2 protein chains.
Amino acid sequence: MTNVYVIGIGLIGGSMALDIKTLHPEAKIYGIDTNESHLAEAIALGVVDAGATFEDLVDADFVIVSVPVDVALLVLPKVLDVIGDNSIVFEVGSTKMPICEAVANHPKRRNFIATHPIAGTEFSGPSAAIKGLFQGKTNIICEVEKTTFKLQEKALDLFKAMGMRIRYMDPKSHDKHIAYVSHLSHISAFMLGKTVINKEKDEQDIFDMAGSGFESTVRLAKSSPAMWTPIFKQNRKQVVKTLDEYISNLSKFKELLEKEDYDAIYNEMQSVNKIKEILNGMTAPEPSKGK
Amino acid sequence: MTNVYVIGIGLIGGSMALDIKTLHPEAKIYGIDTNESHLAEAIALGVVDAGATFEDLVDADFVIVSVPVDVALLVLPKVLDVIGDNSIVFEVGSTKMPICEAVANHPKRRNFIATHPIAGTEFSGPSAAIKGLFQGKTNIICEVEKTTFKLQEKALDLFKAMGMRIRYMDPKSHDKHIAYVSHLSHISAFMLGKTVINKEKDEQDIFDMAGSGFESTVRLAKSSPAMWTPIFKQNRKQVVKTLDEYISNLSKFKELLEKEDYDAIYNEMQSVNKIKEILNGMTAPEPSKGK
């Protein structure tokens, strides 16, 4: 019998629970959530088998910490305090430096593996959990050398069975790059939503004019503030840097428009068009690059 | 026999041609395109039946002008010069003031109906044309009173048969509102793509970390510069205004982050979360509001 504990049963933790149940039907999956209605919902939906407490973690094989990143800083050391020698614990949040620092000197550091499965959507809570979420997605693993080899293997076997590609990275590089490809996109979408909603106060009909383009660009503005506020807090310096660059690029585009330099505007857009090939490369399967 | 002429056979014109062929199998659909390979491709794909010239327009029932908005300013008066009394001409671009002004005093103004079907995507060219593109989409019609009643009816019957909801609006309001819900989204996506690509020059691995959220937010940066440069030119004043507001909102968010005012950051995001309901309302069918 494999005992799995999911602490915080939302999109990521819940989807992992569903995949583990499919891969290991004999596994017993326990949920721990401070939000009791989330726990009840997760049990009713069959995402987890039963509730549990921190004391129960002593017999855990896997512990998945999938809570907002500020909560993870408090929860993870407590989890490591309780688990046995053969438990592997992973945390799945969108920042990696603060969490790695928080457990750097913990006596059970080698039972922990720092991960970031790039599989989030704008949805949250147990009802957002879906089977197969991680198929073809990238899982970034930080400081892999700090985890006991046997437990690394156990975690990696699970991630690969879920269909994930593995990328290794140091926590600082992770936090720097993820600011560009994830955190900035969220702020861009939130502020686009704000700009249009502020206008809409006076003009009720404006959203009748919105098409799929607006919907796509603003989609991330549906994301949970409780999840995202601590991410921006923990990655503040990098996020401010990406925002500076984004605002500067927007201001330059605006100046070109004010100067009516349409050749330059055309060139700006054309040079960004190569994002097509980049995005295609991103979504295409890359078996030869998989580790 | 119904004779339909499509001038500029891309996503919008091509998709209209496909829908008309489905609705009226007896119709003869002609394509006019300065790009000869586009015309050949459109014929090969069955989007149009044959090529034609401006002189042929004399026997047109419908003429669809679906070219970049700067080209439309030149093409539309020439089309009106040639057509017969029973032709209805519509133009489908993303700006409406300049086109309405360009034909305001044309003797055949009453044969023209100014429309904006909100159905664009990031794709372009004849291969982007698809059947059923307009199902459930909004078509904004400007200055409807300036079109002969009989020809209005003919156009509206066609738009409704394609599945479109009709909204009436004056050209100035159209151009003002569309700057928020469409033009700004495109610049936001282009500049997000630019910010990340500039970074990627040094860091090849960054796109391995990008997930579906980035892909969604940056999607419109795949759009055609040849189509979008003249849109930004024609709607310059409104676009600059929306950009000012967007940049100001981003700068305020950055200041909150620099001041570490996380309560305010949480509230900013929470207040934009209502975009969920707005977007749901946008995509839900609204038969009672249809005209």
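The chains referred to below are lettered A, B, ... by the order of the sequence lines, with proteins before strands, and numbering in each begins at 1. Everything numeric in this text was worked out from a predicted model, so none of it was measured.
- With salt bridges taken as basic N to acidic carboxylate O contacts below 4.0 Å, none links A:E260 and B:K233.
- When each of A:G193, A:S173, A:G213 is checked for heavy-atom pairs under 4.5 Å with chain B, A:G213 comes out on top.
- Note: B:S251 leads B:G120, B:A189, B:S251, B:S224 in heavy-atom pairs under 4.5 Å with chain A.
- Residues A:F253 and B:F232 are in side-chain contact: their nearest non-hydrogen atoms beyond the backbone lie under 4.5 Å apart.
- Heavy-atom distances place both the backbone and the side chain of B:I187 under 4.5 Å from chain A.
- Looking only at side-chain heavy atoms (C-beta outward), B:M169 and A:M209 come within less than 4.5 Å of each other.
- Not one N or O on the side chain of A:S185 forms a donor-acceptor pair closer than 3.5 Å with the backbone of B:T217.
- Note: A:I275 leads A:I118, A:L220, A:I275 in heavy-atom pairs under 4.5 Å with chain B.
- Among the candidates A:P230, A:S188, A:A119, the residue making the largest number of heavy-atom pairs closer than 4.5 Å to chain B is A:S188.
- With values rounded to the nearest 0.5 angstrom, A:K222 atom NZ is found 16.0 Å from B:K274 atom NZ.
- One distance of note links CD1 of A:I247 with OH of B:Y246; it measures 9.0 Å at 0.5 Å rounding.
- In this structure, A:R236 and B:Y262 have side chains that are in contact, with non-hydrogen atoms separated by less than 4.5 Å.
- For a residue to count as touching a neighbouring chain, one of its non-hydrogen atoms must lie under 4.5 Å from one of that chain's; by this rule A:H174 touches chain B with backbone and side chain alike.
- Only the backbone of B:T242 comes within less than 4.5 Å of a heavy atom of chain A; no side-chain atom from C-beta onward does.
- Two residues are said to be in side-chain contact when any heavy atoms from C-beta on lie closer than 4.5 Å; A:N198 and B:E245 fail this criterion.
- You'll find the side chain of A:S212 reaches within 4.5 Å of the side chain of B:R219, heavy atoms only.
- In terms of non-hydrogen atom pairs under 4.5 Å with chain A, the most contact-rich of B:L243, B:L184, B:L257 is B:L257.
- Side-chain atoms of B:Y180 never come within 3.5 Å of backbone atoms of A:L192 as a donor-acceptor pair (strictly under, hydrogens ignored).
- The part of B:E268 that comes within reach of chain A is its side chain, from C-beta onward, which places non-hydrogen atoms under 4.5 angstrom from that chain.
- Only the side chain of A:T138 comes within contact range of chain B, judged by heavy atoms closer than 4.5 Å.
- Most heavy-atom pairs under 4.5 Å with chain A: of the set B:K194, B:E122, B:K137, this distinction falls to B:K194.
- Once rounded to the nearest 0.5 Å, the distance linking OG1 of B:T195 with CG of A:N249 reads 4.0 Å.
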>> One pair to check against side chain to side chain contact (heavy atoms under 4.5 Å, CB included): A:K199 and B:K176. What are the steps and the verdict?
In response: CA-CA 11 Å; A:K199 194 69 203 170; B:K176 184 177 139 193; 4.0 Å; yes
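- Contact between B:S271 and A:I197 at its shortest, heavy atoms only, is O-CD1, 4.5 Å.
- Interface remark: of the candidates B:V240, B:D263, B:V181, B:V181 forms the most heavy-atom pairs closer than 4.5 Å to chain A.
- In this structure the side chain of B:H186 never reaches within 4.5 angstrom of the side chain of A:F214, judged on heavy atoms.
- Both the backbone and the side chain of A:D244 come within contact range of chain B, judged by heavy atoms closer than 4.5 Å.
- Looking at B:N273, its side chain does come within 3.5 Å of a backbone N or O of A:S223 through a donor-acceptor pair.
- Only the side chain of A:I140 comes within less than 4.5 Å of a heavy atom of chain B; its backbone N, CA, C and O stay farther away.
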